[in-house]
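Quick caveat, the model's predicted, so the values are computed rather than measured. All values below were derived from every heavy atom in this structure, side-chain atoms included, with hydrogens, water molecules and symmetry-related copies excluded. Numbering of residues begins at 1 and proceeds along the displayed sequence.
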Amino acid sequence: MSAAHDDAPLIELVDIRKTYGGQGGAPAVEVLRGVSLSIRQGEFVAIVGASGSGKSTLMNLLGCLDRPSSGAYRFNGSDVSGFDADRLAWLRREAFGFVFQGYHLIPTESARENVEVPAIYAGMSEQQRHQRASALLTRLGLGDRLDNRPHQLSGGQQQRVSIARALMNGGRIILADEPTGALDSSSGAEVMKLFNELADAGHTIILITHDRDVAAQARRVIEVRDGAIVADSGGTAGNAGQVMPDPASSPDHTPDPPRLWLAELREAARAAWRVMWINRFRTGLTLLGIVIGVASVIVMMAIGLGTRQQVVAQLGRFGSNLMYMSSVGESSRIPGRSITLQDLEAVADVPNITHVLPNVTGNKVVRFGNQDIQTYVRGTGAGLPEIQTWPLAKGAFFSADDERELASVAVLGFKLARELMPGIDDPVGQHVLIGNVPFQVVGVMSQKGALTGDRDEDNLLIMPFSTAGVKVFGQREPTYTVMAVADVGRIHDTQAQVEALLLERHRIRDFAIGNAAASIAAEAKTRDTMTLMLSLVAAVSLLVGGIGVMNVMLMTVRERTREIGIRLATGARQRDIMRQFLTEAVLVTVVGGSAGVLVGLLVGIGLIVMGAPVIFSLTAIAAAFCCSVFTGLLFGYMPAKKAAKLDPVAALTAE
């Protein structure tokens, strides 16, 4: 801040010209024709002229709302005609206060909130804003109307709110455009009395009017006709009581401190919420697209994960994560097979191997009462139900202790239990004979079905590997071995490691290893197809929601063009306008995303109650919500940028 020299004018225009048109074939119209003018600090000046004389254009140039086509505009000694948009905004914020004929109050804000607008962009704290705005309105006789919105105020009251707003940041220079034009004579007289009081207090008043009686109340009258000054009653000494901002010290090219940035963001969010609430029907329709998008992503992902787990579990029952190893050559047909238990202990240490399950098998006659059935007997380990994803229907599976102790226990296949004990609902606790050895039935496997045409997996008897080897088959080496892997995607690499290990131990290839490659391929294809489907659903849903946000924001910018002009006139920078509309777009998507998450969870819970395979993923929920917020940023950017680029004069005069 710096004070102007006593003899130097506060505002100096030198040969200012303003031309509209002249592009795209349109004829050029010169509105101002070489205007030169000096205004000193503390003057009360009236610029009078008929409609079309150029006085409003002159006011826009004086208030830095518009730029001259040529000429020099010096403010407090600095030429501001070449300033960029943000530096002009700083000057409007620090030096000028505008009072318009149409009041130009933001309809969604209360009287106090309208008065506070310039202070928001000046970085004044919330408490200070409230106190100063309340004090100004009380001083102007509106202390009981602080929370009233513009439509709840008379014309004279609205104009006083406009004057209070002009004074909010100090109002060093008040530019009043036809301030009494829409008022009755009594209200107009009150406004002019206020201006005279402000002039006496040292404010510089520039009054634009077509009414010569109003102009006569000023202390200097300048007449404009056909874009030129035709008469000037002459300046007065003025009052140098106000300290003027120095445009050369404009700080607008330095970043806002975090505290100020957060305060402005909070204020933008408050204003955005107010707009959303007032236009809640339209907001609700916009939210519907976001809610459907987010909810569909969550539900589809939950169903997809549930279905995938179900498919993987079913494939697991058929061995998609298993490798099978057996002896080959002569050694597989004679006692003393090539694969030993010591080999299996070594294989268990191979990375990605989670279980090693030795098996000894053969066909035997099983007897219960007077029933004799020849069936497939499998001696195996206690981990079979887990490894082969094969639960029990009744009872329990034998334990690792049973295997160590060579316990005479058996688990019946679903079909074998039904055929061997047709009149018994629960075979658990019964005893069967294999040869002369009795075995106690401890469980019945669930129904699995035939995997191949030569063997029915439900028509078998399972017992501990050690028991089968000693008491039934008379051999300790496995007929074949089942190996389970943790990561199905690495099953081929794991198989290669096992083969290398056994070749190192045996020196010859007297074994064979296979895996369920077809099942793995089917699982991978199912997973990839499901992922693609869900990705498309998510993309389409969020795209539809995003387009809805963009359409509504474009409509909002159009409807609120005058509000944008008001904010620009009161000192908002382009980034302030951008932040305001981006905040509104993001707030819509945050609310919609939150509601979408809730709806998605409720729908998913309903599907679980109905028995559908549903698994919620926190990652999917977070991703859907974040995508909705990103959608707000992405599709709100263009409308926000359009709003920020609006010309202040064009925005203020928009219908």
Backbone N/O of Ile106 and side chain of Asn114: donor-acceptor pair under 3.5 Å: yes

Leu13 vs Leu61, side chain to side chain contact (heavy atoms under 4.5 Å, CB included): CA-CA, chis, key distance, verdict: CA-CA 10 Å; Leu13 305 183; Leu61 292 174; 5.8 Å; no

Sidechain N-carboxylate O distance under 4.0 Å for Asp84, Arg87: no

Trace of the side chain to side chain contact (heavy atoms under 4.5 Å, CB included) decision for Tyr121 with Thr570: CA-CA 8 Å; Tyr121 303 123; Thr570 53; 4.3 Å; yes

Distance (rounded to the nearest 0.5 Å) between Leu137 CG and Arg112 CZ: 9.0 Å

Full working for side chain to side chain contact (heavy atoms under 4.5 Å, CB included) between Leu105 and Arg165: CA-CA 9 Å; Leu105 302 178; Arg165 181 180 62 193; 3.7 Å; yes

Aromatic contact, Phe75 with Phe96 (centres under 6.0 Å): yes

Option passing side chain to side chain contact (heavy atoms under 4.5 Å, CB included) with Val115 (candidates Glu109, Met168, Arg160): Met168

Worked check of side chain to side chain contact (heavy atoms under 4.5 Å, CB included) between Leu167 and Leu198: CA-CA 10 Å; Leu167 295 171; Leu198 292 172; 3.8 Å; yes

Asp177 bridged to Lys55 by N-O distance under 4.0 Å: no

N/O donor-acceptor pair under 3.5 Å between Arg129 side chain and Met124 backbone: yes

Neighbour count above 12 (heavy atom, 6.0 Å) for Arg67 CZ: yes

Euclidean distance, Asp79 CG relative to Glu12 CD, rounded to 0.5 Å: 10.0 Å

Separation of Thr180 OG1 from Leu207 CG (nearest 0.5 Å): 7.0 Å

